[in-house]
Engineer: 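Before I ask anything, let me first share the structure, which is written out below as structure tokens.
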Number of protein chains: 2
Amino acid sequence: MSDSPRSENMLFLTDEQLRKGIEAMFFAYRGFTADPDRILKKYGYGRAHHRAIHFVSRAPGTTVNNLLSILGVTKQSLNRVLRSLIADGLIESRVGTRDKRERHLYLTETGKSLEAELSDSQRERMRDAYRKVGPTAVSGFREVLEAMMDEDLRRHFAPAKDKK
Amino acid sequence: MSDSPRSENMLFLTDEQLRKGIEAMFFAYRGFTADPDRILKKYGYGRAHHRAIHFVSRAPGTTVNNLLSILGVTKQSLNRVLRSLIADGLIESRVGTRDKRERHLYLTETGKSLEAELSDSQRERMRDAYRKVGPTAVSGFREVLEAMMDEDLRRHFAPAKDKK
DNA sequence: CTTGGAATGTCAACAACACTGACATAAAGT
DNA sequence: ACTTTATGTCAGTGTTGTTGACATTCCAAG
């Protein structure tokens, strides 16, 4: 391998290419959060509320502790957000039946409707982007994202991926 | 095309697939910023400082106004960050020669060294992810990201892409 | 030349949301 | 009984966004 047969395949690993990837990530994430941010502002909420709503919607009945480990914030920080969502009637907190220390979280009808409004807007942007580039690019996109996550995050993300 | 030959190619546009893409974006971005965040904390800086340093490094001599339109924040917000970076001797602000209202920004040697430390760590993560998935996936990744940006952001991002 | 507006940047005050630390309560496990 | 776990709360702090007010500089119309 004197002439390094792989070298032509490694051009995407130059510092310049990587810098472009970094900036693309920055700008894309901004675009990605722009629509929900606009909607949230109407209701006086922020991104933290969106994340809580999203993951409660994805896993109804989840506990506060579950949410904490997924979101990776402190309980004080999460609690401030949950308190306002519960007070406003978007999230319902039920004391656990088996373990009464736990609080299980559910979206109310109002909560579901905000969740739908938020995820519709975000899905629409993602759908537009996906449609533009086609399934092959999308699959590459997902591969890179998963490779970029921390290992412990991947666990939360795709727990049922081994059914291949 | 009575049986819709494209339908099998549209499976990646289901709500479930889109939701997964949304979450992947969330988790990947967190991993993406984790390393720089750790480094920045050592010096008492935050993400805003990173962004300022990054774009000053990319375009030395840029003006505050330029930076504002790229970063999409208010000038007051940027100014606080710039002030501390200038006070700490990481960025140098030179009054414009042609237009004395403008301030042109440059990294000092100290600034360059922090920039290198930050971008090295971020590039390393991106390089690892890229290596894992290969050039085809990377190209798809970049395509989706660019499609997901806002149009006005894409302008800042790839101004010299027409040399095809 | 002067005056007034536009562009550029700075300072001050405030809000959102993350953090740490300390503490309270209730329930479960040993 | 004692410890651990799950949750919630209070107080304080830091980063980063916001708006408002203001200073400086440039430029162009009178």
Side-chain angles (χ1 to χ4, degrees), chain A residues 26 29-30 33-34 36-54 56 61-88 91-106, chain B residues 26 29-30 33-34 36-56 61-88 90-105 118:
Chain A
F26 168 66
Y29 194 76
R30 236 195 6 207
T33 53
D37 284 354
R38 252 189 303 276
I39 294 168
L40 288 158
K41 212 164 73 173
K42 287 194 307 184
Y43 299 93
Y45 296 133
R47 258 180 228 182
H49 300 84
H50 185 185
R51 293 195 283 267
I53 288 173
H54 176 96
V56 168
T62 191
T63 63
V64 173
N65 238 3
N66 263 335
L67 218 48
L68 280 178
S69 67
I70 292 173
L71 295 177
V73 296
T74 58
K75 61 178 178 178
Q76 294 88 334
S77 194
L78 174 60
N79 191 256
R80 182 176 356 96
V81 168
L82 281 181
R83 210 186 313 165
S84 69
L85 289 173
I86 291 169
D88 296 351
I91 283 186
E92 195 192 336
S93 166
R94 300 186 203 152
V95 173
T97 50
R98 212 191 52 196
D99 186 334
K100 286 189 211 158
R101 291 172 304 180
E102 294 179 339
R103 304 297 145 90
H104 298 273
L105 305 170
Y106 300 88
Chain B
F26 168 67
Y29 195 76
R30 249 211 338 224
T33 53
D37 283 353
R38 252 189 302 277
I39 294 168
L40 289 158
K41 213 164 71 172
K42 286 194 307 182
Y43 299 93
Y45 296 132
R47 259 181 227 181
H49 300 85
H50 186 184
R51 293 196 282 267
I53 288 173
H54 176 96
F55 285 106
V56 169
T62 191
T63 63
V64 173
N65 232 8
N66 263 334
L67 219 46
L68 281 177
S69 67
I70 292 174
L71 296 175
V73 295
T74 56
K75 59 183 177 175
Q76 294 87 336
S77 189
L78 174 60
N79 189 256
R80 184 176 348 94
V81 168
L82 283 180
R83 209 186 315 163
S84 69
L85 289 173
I86 291 168
D88 296 350
L90 279 83
I91 283 187
E92 195 193 335
S93 166
R94 300 184 203 152
V95 173
T97 49
R98 216 192 48 197
D99 186 335
K100 286 188 209 157
R101 291 171 303 182
E102 295 178 339
R103 303 298 142 94
H104 298 273
L105 305 171
L118 289 167

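So that the names make sense, note that chain A is the first sequence line, chain B the second, and so on, each numbered from 1.
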Engineer: Could you tell me how far apart A:His104 (NE2) and C:dA27 (P) are, to the nearest whole angstrom?
Structural biologist: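 It works out to 14 Å between those atoms.
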Engineer: Just how far, in rounded Å, is P of D:dT9 from CG of A:Leu82?
Structural biologist: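 Going from CG in A:Leu82 over to P in D:dT9 covers 10 Å.
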Engineer: Look at B:Asn65 and C:dA7 and indicate whether a side-chain polar atom (N or O) is within less than 4.0 Å of OP1 or OP2.
Structural biologist: no
Engineer: Mapping A:Asp99 and A:Arg83 to their closest nucleotides on DNA chain D, which lands nearer the 5' end?
Structural biologist: A:Asp99
Engineer: Give the rounded distance in Å between these two atoms: CZ of B:Arg30 and P of C:dA18.
Structural biologist: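 Interatomic distance, CZ of B:Arg30 to P of C:dA18: 11 Å.
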Engineer: With hydrogens left out and only the distance checked, is there a donor-acceptor pair under 3.5 Å joining A:Arg101's side chain and the base of D:dT5?
Structural biologist: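 Counting by modelled atom types and ignoring angles, a donor-acceptor contact under 3.5 Å is found here.
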Engineer: Any idea how B:Tyr29 and A:Tyr29 line up, ring-wise: parallel (<30°), tilted (30 to 60°), or perpendicular (>60°)?
Structural biologist: parallel
Engineer: Assign A:His49 to base, sugar-phosphate, or nothing according to its heavy-atom contacts below 4.0 angstrom with the strands shown.
Structural biologist: sugar-phosphate
Engineer: Measure the spacing between CG of B:Leu71 and CZ of A:Arg30 and express it to the nearest 0.5 Å.
Structural biologist: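 Going from CG on B:Leu71 over to CZ on A:Arg30, the span is 7.0 Å.
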Engineer: Can you check the B:Asn79 CG to C:dT10 P distance for me, whole Å?
Structural biologist: 4 Å
Engineer: Could you check how far CZ of B:Arg51 sits from P of D:dT15, rounded to whole Å?
Structural biologist: 14 Å
Engineer: Just to be sure I understand the rule, does A:Gly44 reach a base, reach only the sugar-phosphate, or reach nothing, if contact means heavy atoms closer than 4.0 Å?
Structural biologist: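 Answer is nothing: A:Gly44 stays at 4.0 Å or more from every strand.
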Engineer: Rounded to the nearest 0.5 Å, how far does NE2 of B:His49 lie from CG of B:Leu78?
Structural biologist: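 Spacing of CG (B:Leu78) from NE2 (B:His49) equals 10.0 Å.
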Engineer: Expressed as a whole number of angstroms, how long is the span from B:Lys75:NZ to D:dG20:C1'?
Structural biologist: 11 Å
Engineer: Taking CZ from A:Arg47 and C1' from C:dA15, how many angstroms apart are they, rounded to a whole number?
Structural biologist: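 In whole Å, C:dA15 C1' lies 16 Å from A:Arg47 CZ.
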Engineer: Rounding to a whole Å, what distance do you find between B:Leu78:CG and D:dG17:C1'?
Structural biologist: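 Going from CG in B:Leu78 over to C1' in D:dG17 covers 12 Å.
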Engineer: Would B:Val95 and B:Arg103 count as a side-chain contact (heavy atoms from CB on, under 4.5 Å) here? Give the steps.
Structural biologist: CA-CA 5 Å; B:Val95 173; B:Arg103 303 298 142 94; 3.8 Å; yes
Engineer: Answer yes or no: side-chain N or O of B:Lys100 and base N or O of D:dT25 forming a donor-acceptor pair under 3.5 Å.
Structural biologist: no
Engineer: Using a 4.0 Å heavy-atom cut-off, does A:Gly96 contact any base of the nucleic acid, only the sugar-phosphate backbone, or nothing at all?
Structural biologist: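 Counting heavy atoms under 4.0 Å across all strands, no contact is made by A:Gly96.
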Engineer: Taking atom types as they are modelled, is there a donor-acceptor pair under 3.5 Å from the base of C:dA16 to the side chain of A:Arg80?
Structural biologist: no
Engineer: Report yes if a donor N or O on one partner sits less than 3.5 Å from an acceptor N or O on the other, where the partners are the side chain of A:Gln76 and the base of D:dG8; otherwise report no.
Structural biologist: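 No pair found.
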Engineer: Is any side-chain nitrogen or oxygen of A:Thr74 closer than 4.0 Å to OP1 or OP2 of C:dC19?
Structural biologist: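 True: A:Thr74 side-chain N/O within range (under 4.0 Å) of C:dC19 OP1/OP2.
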Engineer: Going by the angle between their ring planes, with limits at 30° and 60°, are A:Tyr45 and A:Tyr43 parallel, tilted or perpendicular?
Structural biologist: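 Parallel: the ring planes of A:Tyr45 and A:Tyr43 meet at under 30°.
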